[in-house]
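Structure, as C-alpha cells:
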There are 2 protein chains.
Amino acid sequence: MTETFVRPGPRRRDAEATRAAILEAAKKQFALVGYDCTLRDIAGEAGADVALVKRYFGGKEALFVEALKASFRTNDLADWDRTTFAVDIATMLAGTPHDDEARTHRFQFLLRAATSQATAPFLNVLVQERLLAPMRNWLGGTDADARARVLAGVYIGFLVERLIRGEALEGREREVFIERVSAVFSTLIADPDDGKS
Amino acid sequence: MTETFVRPGPRRRDAEATRAAILEAAKKQFALVGYDCTLRDIAGEAGADVALVKRYFGGKEALFVEALKASFRTNDLADWDRTTFAVDIATMLAGTPHDDEARTHRFQFLLRAATSQATAPFLNVLVQERLLAPMRNWLGGTDADARARVLAGVYIGFLVERLIRGEALEGREREVFIERVSAVFSTLIADPDDGKS
DNA sequence: AAGCTATGTCAACGGCGATTGACTTAGCGT
DNA sequence: ACGCTAAGTCAATCGCCGTTGACATAGCTT
C-alpha cells in the first residue's frame with residue numbers, strides 16, 4: 001500500500017483542492033440560502049477555515065461572482081433531442097424541484113442574481129453567452145435570436161412556476177399541463193419559415 | 001385657510017398614516033433590496049423611527065409577511081380586454097421594467113419570496129389565491145385550472161426575461177418578439193373545447 | 001386648563017458575521 | 001537535517017442591525 005490516497009483524512013496543504021471545495025460549497029449555499037448565508041457555513045461545509053475564503057477569493061462578494069460564473073458552465077441543452085424535447089421538458093416541469101436538484105440549485109442562483117441590482121447587469125452578459133447563444137444555435141432558422149429569447153423566457157417561467165408550486169402535478173391536471181406546455185414548446189422551437197417557398 | 005392639510009410637515013401623531021407609510025416603504029425595499037434591507041432604511045424612507053416598526057408590526061419578519069400580502073392585493077388582470085390581451089401583454093413585455101415600476105416591484109417581491117425556503121410554502125398559498133384563482137376565473141372554459149397554471153408560468157417567464165434583459169427591444173427583433181409572444185398568449189387563453197361538438 | 005394616553009424620539013445593548021493579522025505547521029528544496 | 005514558504009488555524013476587532021426600554025410630547029377628554 002505505497003499508493004497515496006488523495007483524501008485520507010481532512011484535506012491538508014492542498015491549496016487547489018481547498019479552493020475548489022470552497023467554491024463548490026459556495027455554489028450550493030448561495031443557491032439554497034441566498035447571498036445572506038454565512039461564510040462560516042460555506043467554509044464549514046468545505047472543511048476549511050473562514051480566513052481561507054479571503055485568501056483565495058478576496059471576499060464574500062468576489063466569491064459570489066465566481067460561484068455565479070461557475071454555476072453556468074454546464075450546458076444541458078446541448079444533447080436535447082429535438083423530437084422529444086417538448087414533451088421531455090413539459091414532463092420535467094410537471095414534477096417537483098426535488099426531482100432535479102442540480103438544475104434547481106443553478107436556477108435559484110440565477111433568480112437571486114437576477115433580482116439583485118448589484119449582479120443583474122453582470123448576469124445579463126452571462127445569460128447572453130451561456131444561455132441565449134447556445135439556444136440560438138440549437139434553434140437555428142430565421143430570427144433565431146428573438147426566438148431564443150422567447151424560448152428562454154418561457155422556460156424560465158415554468159421553472160419559477162414549478163418552484164412556487166413545490167409539488168408534482170397529478171391526474172388530469174398533470175395531463176392537461178403536459179399537453180399544453182409541450183404544445184407551447186413545440187410551437188416555439190419550430191422554424192416559422194419552414195415550408196415556405 | 002382653515003383647511004387642514006394632511007401632510008404639512010413631517011407627519012406627526014397619526015398612527016394609521018405612519019403605519020401605512022412604513023408598510024409602503026417596506027413593500028418597496030423588500031422588493032428592490034430583498035429581505036436583507038435594514039429596518040432603518042425602511043423607517044427612514046417612511047419618515048418614521050425604527051422603534052415604530054416594532055410597535056406597529058411586532059418585528060421585521062411580521063412586517064415582511066404583511067408587506068408580501070399587501071403586494072398581492074392588486075388584481076390587474078380583472079379589466080384586461082380579451083380581444084387585445086395577447087398583443088397588449090406582448091407589447092408590455094417588449095418594453096423595459098422601468099416602464100412599469102409598480103408591477104416590477106411586486107414581481108421582484110414574488111421572486112424573492114419564491115427563492116427563500118422560509119417564505120416559499122407561504123407564497124404557494126398566496127399565489128393560489130391571488131394569482132391562479134383569478135386567472136382561472138378569467139380564463140373559464142374546460143380545464144381552467146391547468147390552463148391557468150400554464151398561463152401563469154409563461155407570464156412569469158417573460159417578466160423574468162424582461163427583468164434580465166433590462167432594456168427595450170427594438171426594430172425587427174421587437175416585431176418578431178411581439179408577434180410570437182402574442183401568438184403564444186392567444187393560444188393559451190383560447191378554450192380548447194371551443195368549436196367542438 | 002389639567003391630565004392622561006397614544007404617538008413619536010432617542011440611545012444603548014447584544015448578537016452576529018465579515019474581515020484582519022498574528023501565529024502554527026506541513027511539505028518541499030537545499 | 002535545516003530552514004523557508006505556502007497552507008491552515010485562531011482569536012480579536014469592527015461595524016451593522018434588530019431589538020428594547022426609557023423618555024418627551026402632541027392632542028384629545030373632561
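In what follows, chains carry the letters A, B, and so on, assigned in the order in which the sequence lines appear, proteins first and then strands, with residues in each chain numbered from 1.
B/F57 meets the ring pair (Phe, Tyr, Trp, His ring centres under 6.0 Å) test with no other residue; sequence neighbours excluded. Take B/E173 and apply the side-chain contact (heavy atoms from CB on, under 4.5 Å) test, not counting sequence neighbours, and it matches A/D145, A/A146, A/R149, B/L169. Take A/D88 and apply the side chain to side chain donor-acceptor pair (under 3.5 Å) test, not counting sequence neighbours, and it matches A/T84. Applying the side-chain contact (heavy atoms from CB on, under 4.5 Å) criterion to A/A26, with sequence neighbours excluded, gives A/F30, A/I42, A/L63, A/A67. Residues passing the salt bridge (Lys or Arg N to Asp or Glu O under 4.0 Å) test with B/E129: none are found, sequence neighbours excluded.
Residue whose closest nucleotide on DNA chain C sits further toward the 5' end, between A/K60 and B/E16: B/E16.
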Pairs under 3.5 angstrom, nitrogen or oxygen only, protein versus nucleotides 2-4 of chain D, please.
none

Would you list the protein and nucleotides 22-25 of chain C atom pairs, both N or O, that sit under 3.5 Å from each other?
| unit_1 | atom_1 | unit_2 | atom_2 | d |
| --- | --- | --- | --- | --- |
| C/dT25 | O2 | A/R13 | NH1 | 2.7 |
| C/dT25 | O2 | A/R13 | NH2 | 3.3 |

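For the segment residues 35-44 of chain B, the set of residues with a heavy atom within less than 4.0 Å of an atom of DNA chain C comprises B/R40, in numerical order.
Taking the screw axis at each terminus of the helix from C/dA1-D/dT30 to C/dT30-D/dA1 from five consecutive base pairs, the angle between the two is 0° to within rounding of 10 degrees.
Sorted pairs that involve residues 49-60 of chain B and meet side chain to side chain donor-acceptor pair (under 3.5 Å), not counting sequence neighbours, are lacking altogether. Pairs passing the salt bridge (charged side-chain N to carboxylate O under 4.0 Å, His left out) check and including a residue from residues 38-47 of chain A, sequence neighbours excluded, read A/K28-A/E45.
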Expected list for residues 178-188 of chain B: side-chain donor-acceptor pairs under 3.5 angstrom, two or more places apart:
| unit_1 | atom_1 | unit_2 | atom_2 | d |
| --- | --- | --- | --- | --- |
| B/R180 | NH2 | A/T187 | O | 3.1 |
| B/R180 | NH2 | A/L188 | O | 3.3 |
| B/S182 | OG | B/I178 | O | 2.7 |
| B/S182 | OG | B/E179 | O | 3.0 |
| B/S186 | OG | B/S182 | O | 2.9 |
| B/T187 | OG1 | B/A183 | O | 2.9 |

